[in-house]
Amino acid sequence: AQSVTQPDIHITVSEGASLELRCNYSYGATPYLFWYVQSPGQGLQLLLKYFSGDTLVQGIKGFEAEFKRSQSSFNLRKPSVHWSDAAEYFCAVGAGNNDMRFGAGTRLTVKP
Amino acid sequence: GAGVSQSPRYKVAKRGQDVALRCDPISGHVSLFWYQQALGQGPEFLTYFQNEAQLDKSGLPSDRFFAERPEGSVSTLKIQRTQQEDSAVYLCASTPGAGLSNYGYTFGSGTRLTVV
């Protein structure tokens, strides 16, 4: 079965700085990959997804992610972080079945 | 409505009590999913419906958990004889197509269940 690892439990960045959140997956074939964001007390909002094609994926709110098959990674990036980006971020992998597996999440704190 | 609606937002249950959690998916969405999110963890898959058919219930942690979607729209997740380990946020998601697709899932805000 597929699985996801988010190595960083908590990351703090200064407002305006760049951001990279790491995600590694385990799956034998080409996976479906997703990044979601969750604000406190809210559900999950889809930031971006990768199914096939261009390995650099653009999402909402200025986020992007790059699929690297050789590294089994799908890291999320943003060139300049805003205070409103503080939230929990989840990477997820789907395998064409009904089961989408989520990582444990990375909590992002933004310093003024 | 425009999004996935879940009720109640918060539920406190005494251990041993039965609870029912409701999910109203986006109108016309074929697929509906339930996830359980423990504190500090990512969501864990519980069960999946395609219209009224429950096609996958492999994630339900015990036979105390039961889900239904009798008319292919609203779904109810029922937990019988609640235990403290059932305390979590229960998330519902829906998607227009069948199963995992390139639409991604639209999640509700969840129901936070606390068992005391």
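Because the structure is predicted, anything quoted here is derived from the model rather than measured. A, B, ... follow the sequence lines: proteins, then strands. Residue 1 opens every chain.
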- line: Okay, A/Tyr36 and chain B: the region with an atom under 4.5 Å from a heavy atom over there is side chain

Under 4.5 Å from a heavy atom of chain A, the part of B/Arg112 involved: neither

message: I'd like to know if the side chain of B/Ser87 reaches the main chain of B/Val115, judged simply by a donor and an acceptor atom lying under 3.5 Å from each other, with no hydrogens or angles considered.
response: yes

query: Under a 4.5 Å heavy-atom cut-off, does chain B meet the side chain of A/Gln38, its backbone, both or neither?
result: side chain

- request: Salt-bridge test for A/Arg22 and A/Asp8: reply yes if a basic N is under 4.0 Å from a carboxylate O, no otherwise.
  value: yes

Heavy-atom proximity to chain A below 4.5 Å, by part of B/Gln37: side chain

message: Counting only heavy atoms from other residues, nucleotides and ligands, does the tally under 6.0 Å from CD of B/Glu44 exceed 12?
response: no

query: Do A/Glu66 and A/Arg77 meet the salt-bridge criterion of a basic N to acidic O distance under 4.0 Å?
result: yes

